[in-house]
Amino acid sequence: MSWGIELWDQFDNLEKHTQWGIDILEKYIKFVKERAEIELSYAKQLRNLSKKYQPKKNSKEEEEYKYTSCQAFLSTLNEMNDYAGQHEVISENMTSQITLDLARYVQELKQERKSNFHDGRKAQQHIETCWKQLESSKRRFERDCKEADRAQQYFEKMDADINVTKADVEKARQQAQIRHQMAEDSKADYSNTLQKFNQEQHEYYHTHIPGIFQKIQEMEERRVLRLGESMRTYAEVDRQVIPIVGKCLDGIVKAAESIDQKSDSQLVIEAYKSGFEPPGDIEFEDYTQPMKRTVSENSLSNSRGDGKPELKFGGKSKGKLWPFIKKNKSPKQQKEPLSHRFNEFMTSKPKIHCFRSLKRGGSTPEDFSNLPPEQRRKKLQQKVDELNKEIQKEMDQRDAITKMKDVYLKNPQMGDPASLDHKLTEVSQNIDKLRLEVQKFEAWLAEVEGRLPARNEQVRRQSGMYDGQPPPTVNTCAQDRESSPDGSYTEEQSQESEVKVLATDFDDEFDDEEPLPAIGTCKALYTFEGQNEGTISVAEGETLYVIEEDKGDGWTRIRRNEDEEGYVPTSYVEVYLDKNAKGAKTYI
């Protein structure tokens with residue numbers, strides 16, 4: 001099968017076909033180029049998507065990624081980032097291995113095609129020139145033959161005419177011979193031209209054109225083969241990234257399988273566990289017969305027993321009760337049904353005001369006393385760890401300075417050892433300060449964990465509990481009192497004998513303190529029943545003395561008379577300070 005033999009007369013059609021082949025190749029190049037752009041754009045969009053859902057640094061989102069489900073999602077985002085990288089690889093390989101390579105090949109193909117068809121046109125022009133020469137020689141031979149024939153007829157006519165002179169006959173004979181000779185010469189020239197043309201034509205159709213068409217055929221076949229190779233490369237480029245894409249997908253599957261719902265549940269416990277114990281059972285109150293009601297550590301009932309003496313607080317009448325034990329601060333108040341009080345405890349609207357004031361009040365205490373025990377312990381432990389890391393850094397720095405000083409002592413030309421003394425002293429002071437900080441936070445941590453008693457009266461006041469507790473369960477979290485005036489938290493109760501002993505110790509401690517002076521007055525905006533230890537009941541519109549301002553925990557210390565004082569929510573009163581206040585402060 002040869003185009004030179006089979007298509008010897010289809011020069012123009014072959015020229016059109018080869019141009020169409022180049023157009024097809026350029027169209028495929030454009031297709032691959034657009035595919036590469038799509039892959040690059042897709043990779044960019046995947047990267048942007050992965051970046052969009054990455055957790056922001058130093059934000060609450062970053063803390064959420066401690067859960068296994070969130071970690072799996074983060075792994076998925078990272079795998080998608082790698083997945084996007086593989087699409088970038090596809091785009092890069094398609095551009096370098098197909099688009100650029102085929103573009104160079106197309107330029108070479110155009111030059112080769114141009115050269116082949118130029119040779120074909122040149123051969124065509126040559127055979128056409130030979131054909132024109134043959135036609136010219138043929139026409140000249142035909143013309144000379146006709147002229148010779150007419151000259152011969154004229155001679156014969158003159159020779160037969162008796163009236164013509166001999167000289168005229170001789171002239172006609174010579175003219176006929178000349179024409180005959182010219183005809184013979186034209187015949188010989190025509191014969192040579194014809195022979196030459198036939199030879200040229202044979203070479204044209206059997207040598208030149210087949211050779212040129214064979215080159216064109218080979219060129220076209222190489223183009224088709226190159227197109228097929230490019231298509232194979234197109235598929236291989238995709239196939240090469242399949243293993244890595246598979247690993248990315250396997251990574252996503254592995255991340256999904258790593259999700260541990262039990263572990264996440266445990267993390268929720270660690271994140272929100274308060275450390276308090278739930279309230280105990282409520283005692284049955286028998287109203288069918290008059291009887292003396294006793295105070296129980298697990299009761300939410302009123303503690304206005306007629307015959308039981310109350311424990312003293314600072315020389316005043318103050319009973320030492322647990323947070324959920326209600327205590328009557330006003331002798332004029334009457335008993336209320338337990339169901340009404342429990343309902344008030346659960347749904348009290350003013351409790352929201354207390355939360356607002358707590359949320360709004362000041363910065364976080366250094367000892368994290370505004371947090372529940374468990375959360376406070378975690379924060380303190382975290383702070384201790386951070387301080388220990390800082391101490392280690394300072395110690396490493398001190399060691400490095402010490403080594404440098406030794407080097408300076410051995411080699412004075414390298415530096416002055418005395419120049420490092422100031423820096424060494426500064427680092428040592430920093431270490432001492434950090435160690436003091438660690439001791440302070442470890443003391444608070446030990447206190448939370450029950451290894452130490454409460455630090456001072458201020459901590460006990462912030463805890464909202466003035467009652468004694470066994471040493472292993474001491475807790476000073478301010479959430480007991482700050483959460484709500486109704487006492488939303490409770491701690492594990494201990495034996496009544498230990499409560500009484502520790503309560504006596506508290507009384508002895510506060511007996512030595514002198515009453516605080518009044519710093520202003522306040523007016524009750526709402527009725528508040530002080531049912532927890534350390535609080536005092538007030539009626540709406542009542543005016544009392546302020547002996548201690550709100551220190552950011554949402555409670556103000558007030559006094560009714562020498563025997564009655566305690567804390568009320570700041571949002572329940574309108575405070576009027578004496579000289580230092582600029583008008584009235586209202587906490588809502």
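The figures that follow rest on heavy atoms only: side chains count, while hydrogens, waters and symmetry mates do not.
Around the CD atom of Gln195, the shell of radius 6.0 Å holds no more than 12 heavy atoms that belong to other residues, nucleotides or ligands. For Lys378, the NZ atom is densely surrounded, since the number of other residues' heavy atoms within 6.0 Å is greater than 12. Counting heavy atoms of neighbouring residues, nucleotides and ligands inside a 6.0 Å radius, atom CZ of Phe11 exceeds 12 of them. Enclosure of atom NZ in Lys122 is not indicated, since only 12 or fewer non-hydrogen atoms of other residues, nucleotides or ligands lie within 6.0 angstrom. Counting heavy-atom neighbours within 6.0 Å of Glu135 CD, excluding the residue itself, gives a total above 12.
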Working for side-chain contact (heavy atoms from CB on, under 4.5 Å), residues Tyr234 and Gln97: CA-CA 9 Å; Tyr234 178 88; Gln97 299 180 20; over 6 Å; no
Derivation and outcome, side-chain contact (heavy atoms from CB on, under 4.5 Å), residues Asn13 and Leu7: CA-CA 9 Å; Asn13 287 331; Leu7 304 176; over 6 Å; no
side-chain contact (heavy atoms from CB on, under 4.5 Å) assessment of Tyr205 paired with Asp9: CA-CA 9 Å; Tyr205 287 113; Asp9 57 346; over 6 Å; no
Verdict with reasoning, Glu229 to Arg226, per side-chain contact (heavy atoms from CB on, under 4.5 Å): CA-CA 5 Å; Glu229 292 176 352; Arg226 191 62 170 271; 3.7 Å; yes
Stepwise salt bridge (charged side-chain N to carboxylate O under 4.0 Å, His left out) test for Lys110 and Glu26: CA-CA 11 Å; Lys110 288 181 178 180; Glu26 290 179 337; 2.8 Å; yes
Residues Arg239, Glu236; criterion salt bridge (charged side-chain N to carboxylate O under 4.0 Å, His left out); working and verdict: CA-CA 5 Å; Arg239 195 190 305 276; Glu236 288 298 326; 3.5 Å; yes
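Tested against Glu88 for a side chain to side chain contact (heavy atoms under 4.5 Å, CB included), the candidates Lys44, Arg47, Glu39 yield a single pass: Arg47. Screening Thr95, Val245, Leu40, Val237 against Ile90 for a side chain to side chain contact (heavy atoms under 4.5 Å, CB included) leaves a single residue, Val237.
A distance of 11.0 Å separates CH2 in Trp20 from CG in Leu25, rounded to the nearest 0.5 Å. To the nearest 0.5 angstrom, Ile5 atom CD1 is 8.5 Å from Gln214 atom CD. Distance check, rounded to the nearest 0.5 Å: SG of Cys145 to NE2 of His180 gives 9.5 Å. To the nearest 0.5 angstrom, Gln86 atom CD is 11.0 Å from Asn81 atom CG. Annotation: the span from Ser41 atom OG to Leu46 atom CG amounts to 9.5 Å, rounded to 0.5 Å. How far NZ of Lys383 is from NZ of Lys440: 9.0 Å, rounded to the nearest 0.5 Å.
Looking only at distances, a side-chain donor or acceptor of Ser75 sits under 3.5 Å from a matching main-chain atom of Gln71. Proximity of a side-chain donor or acceptor of Ser265 to a complementary backbone N or O of Gln261 within less than 3.5 Å is detected. A donor-acceptor distance shorter than 3.5 angstrom exists from the side chain of Asp264 to the backbone of Thr68, with no hydrogens or angles considered. Asp161 places no side-chain N or O within 3.5 Å of a backbone atom of Lys157 that could act as its donor or acceptor partner. Side chain of Ser115 to main chain of Gln111: no donor-acceptor pair is present (N/O by atom type, distance under 3.5 Å, no hydrogens or angles).
With a 4.5 Å cut-off on side-chain heavy atoms, Gln175 and Lys171 do not count as touching. With contacts defined as side-chain heavy-atom distances shorter than 4.5 Å, the pair Leu134/Tyr190 qualifies. Side-chain contact between His422 and Thr425 is absent, with no heavy atoms from C-beta onward closer than 4.5 Å. Inter-residue side-chain proximity for Gln217 and Phe213 is flagged as unmet; no heavy-atom pair is nearer than 4.5 Å. At a threshold of 4.5 Å between non-hydrogen side-chain atoms, the residues Glu79 and Asp82 count as touching. Taking the side chain as every heavy atom from C-beta outward, Met182 and Glu147 never approach each other to under 4.5 Å. Contact annotation: the side chain of His126 never approaches that of His208 to less than 4.5 Å [non-hydrogen atoms, C-beta and beyond]. In this structure, Tyr83 and Met80 have side chains that are in contact, with non-hydrogen atoms separated by less than 4.5 Å.
Applying the salt bridge (Lys or Arg N to Asp or Glu O under 4.0 Å) test to every pair with at least one member in residues 184-205, sequence neighbours left out, gives these pairs: Arg140-Asp189. For residues 245-268, no residue pair satisfies the ring-ring contact (aromatic ring centres under 6.0 Å, His included) rule, not counting sequence neighbours.
The heavy-atom pair separating Ala256 from Ala72 by the smallest distance is N-CB, 4.4 Å. Considering every non-hydrogen atom in both Ala36 and Ser91, the closest pair reads O-OG, 2.8 Å. Nearest approach of Asn78 to Ser50, heavy atoms of both residues: N-OG, 4.4 Å. What you find for Asp168 and Met158 is that their closest heavy atoms are CB-CE, 3.6 Å. Shown here for Arg113 and Ile22, the closest heavy-atom pair between the two residues is CD-CD1, 3.7 Å.
Remark: aromatic rings of Phe197 and Trp131 are close, center separation under 6.0 Å.
Note on ring orientation: taking the six-membered ring where Trp is involved, the planes of His17 and Trp3 are perpendicular (angle over 60°, cut-offs 30° and 60°). Classification of the Phe31-Tyr28 ring pair by plane angle, with boundaries at 30° and 60°, yields tilted.
Taking a cutoff of 4.0 Å between a charged side-chain nitrogen and a carboxylate oxygen, Lys146 and Glu142 qualify as a salt bridge. Taking a cutoff of 4.0 Å between a charged side-chain nitrogen and a carboxylate oxygen, Glu220 and Arg223 qualify as a salt bridge.
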Could you go through residues 396-420 and list every donor-acceptor pair under 3.5 Å that involves a side-chain atom there, pairing it with any protein atom two or more places apart or in another chain?
residue, atom, partner, partner atom, Å
Asp396, OD1, Gln392, NE2, 3.1
Thr402, OG1, Arg398, O, 2.8
Lys405, NZ, Asp421, OD1, 2.6
Asp416, OD1, Ala418, N, 3.2
Ser419, OG, Asp416, O, 2.5

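Under 3.5 Å, the side chains of Glu426 and Asn430 contain no donor-acceptor pair of N or O atoms.
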